[in-house]
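Take a look at the structure below.
Just follow the structure's listing: the first ligand is 1, and inside any ligand the first atom is 1.
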Amino acid sequence: MPEISKPYRILVAAFEHEANRLNPRLADEEIFAVERGQDILKAPAGVLKGLTETLVNAGVTIEPVFSASGGAGGLVDHDFYLRMREELLDAVRRINPDAIGLELHGAMGTTETPDAEGDLLEALRHLVGLTVPIGVGLDLHGHITPRMLDNTDICIACKENPHSDFVECGQKVAELLIEQLEGRLKPVTVSARVPMILPGAGETGSGPLAEIHAKARGYAALHPSIKDISIYNVFRFTDDDEIGQVVTILSNGPSADTPSIAVDLATRFWVERERFKDDLLTVDEVFERVRRSPDERPFAIGDMGDRVAAGAPGDGTILLSAALDGYPGLRGAVPITDPVAAAQAIEAGVGAIVMLSVGAGYTPGFTPRLVTGLVEYVSDGNFIIEGPVGEGAHKTMGPTAVLRVEDRIQVLLTTKPTSAIDPAAFTSQNVVIGDLDFVVVKSGFHFVSNFAGLATPVLVNTPGVGYYRKHQFEFRKAHFWPEHDIASPEIIARQHSVGALTRV
Ligand SMILES: [Zn+2]
């Protein structure tokens, strides 16, 4: 626990969204869950939890502003973003804090800018000057720009995918902020970028990412001045200059070693690039496996193309249709974003038999499905995540109806997109996962942890805007492997946080 010598007041806020520009449904006030003031401290989760609890335990007075959580989805409505930015800046003017601690995602694009975090942090820095430390905890799928790093003192990511260590990330931001306020830390950050995305193999627990993270931990152990090494695997649907894998190293004071370490770690991505591939099963291969493997049931099928966790709308019907048309013996549950159908089912009420066209309201090229079923459950769609990824976070699918089709497939018609990364998305709707052969989730990584012991995870290659395929999507600004032919990228180290050097 870091010791404090003065009664510091630290302003905290969370503003997070991962923006998939291919999703036509804008993220606005309706999509974001916004809490304000002390309410954000009632049941914080993730970075905000680690940040606030560590500060409180150290004796710091917290000044909570807001928590605005958008999850993943379409671009953020720029007017909404500006209103939230202004609210935060107003709070900083009013409170005049000793430091600022933030939870951000790192890939929040708006309808006007692909680098909302850079814009936000630059505005904060202009307002408070160099004497107020700014610390940020991020998702490792951030699009980390020089503007973000130049305008922060502490800018670090979680280290694990699935993200089971957001709380630890928040704790570290709090500890480093206190160390800086106490004069024991003079943060300097260097970064190195390599222009590539990871088409697959994005888990940190195995494969090339596990090796790169192990190397980073080895470097940190050898160099006591290194306080953090963050490794960012850029969100694949951001279109901006300088897209890439980014390594950042935060040291106490300038270090002669960190530039070459950052370049070495970034270079490892390039050297290993052919290993960052997925080998996904087709829809039929997945359902055949479900059919032939009763011992492994229930399965949790990650719908990669319609991944809400990667910003897709969640309105795909391909897996529903495959189960209804091709696999008459299987029982399952399928969430589908469809506010219109959900409202119709809720209006009809529990016990009613309804015929509805469901899905395909947003994603270009998707086909709606006509289903007849029994409305067996309706709710406000609220649930609390129970698994390790996001544990304790309050989530809402919006008004939700469960439609039982052919007495074997439960369709969760949700008003808001839901990634269903947690079993509670189903159990909160009276769906008994253990009675089923499969559930469909709109996630590629995080559900694996949260369904551990309850379902066998499997990923399926489906169309949609949640899964990168070479040359399928238009990139106007971004230039990266494997979308573009890049022979041999120049990987250099940049220094940031230079303001910190002139401060103490
Ligand atoms: Zn992430």
Side-chain angles (χ1 to χ4, degrees), residues 14-23 27 45-50 68-74 76 102-109 114-117 136-145 148 155-170 172-173 197-207 209-210 212-213 230-238 240 243-248 269 276 278 302-304 307-312 314 385 387-391 393 395 417-422 441-450 457 459 465-468:
F15 192 9
E16 55 89 14
H17 182 73
E18 185 179 58
N20 184 326
R21 71 200 155 78
L22 304 164
N23 179 343
V47 171
L48 192 62
K49 177 182 168 73
S69 176
V76 176
L102 300 175
E103 174 179 0
L104 303 174
H105 180 281
M108 181 166 69
D115 180 22
E117 283 93 348
V136 185
L138 297 154
D139 188 300
L140 64 79
H141 296 114
H143 165 45
I144 302 307
T145 63
M148 293 170 66
C155 191
I156 66 172
C158 67
K159 307 293 185 276
E160 290 173 19
N161 185 33
H163 307 319
S164 53
D165 64 331
F166 273 142
V167 175
E168 287 87 339
C169 177
K172 195 167 182 182
V173 172
I197 64 151
L198 308 186
E203 298 88 349
T204 53
S206 61
L209 271 188
I212 293 171
H213 277 270
S230 291
I231 298 171
Y232 295 92
N233 310 131
V234 65
F235 183 54
R236 291 169 284 193
F237 302 103
T238 303
D240 196 7
I243 288 294
Q245 306 301 298
V246 173
V247 175
T248 64
F269 278 96
F276 288 105
D278 267 337
D303 184 346
M304 294 298 276
R307 242 180 342 143
V308 171
I385 289 188
V389 179
E391 185 177 1
K395 294 286 176 186
T418 177
S419 59
I421 63 161
D422 194 83
V441 299
K442 308 280 179 171
S443 158
F445 305 112
H446 307 325
F447 78 100
V448 176
S449 308
N450 288 11
L459 303 181
V465 299
Y467 188 65
Y468 170 79

Qualifying residues under side chain to side chain contact (heavy atoms under 4.5 Å, CB included), relative to Glu18, sequence neighbours excluded: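 Testing Glu18 for side chain to side chain contact (heavy atoms under 4.5 Å, CB included), a comparison that skips the adjacent residues, returns Ala72, His105, Ala107, His141, Phe235.
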Report yes or no: do [X] and [Y] form a side-chain donor-acceptor pair below 3.5 Å?
| X | Y | answer |
| --- | --- | --- |
| His143 | Asp115 | no |
| Tyr467 | Asp278 | yes |
| Thr204 | Glu160 | no |

Polar protein atoms (N, O or S) that approach the Zn ion (ligand 1) to under 2.8 Å: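 N, O, S partners closer than 2.8 Å: Asp139 OD1, Asp139 OD2, His141 ND1, His163 NE2.
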Partner residues of Phe276 under the ring-ring contact (aromatic ring centres under 6.0 Å, His included) criterion, sequence neighbours left out: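 Listed in chain order: Phe269.
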ring-ring contact (aromatic ring centres under 6.0 Å, His included) partners of Phe166, counting only residues at least two apart: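 Once residues adjacent in sequence are excluded, the partners of Phe166 under the ring-ring contact (aromatic ring centres under 6.0 Å, His included) criterion are His163.
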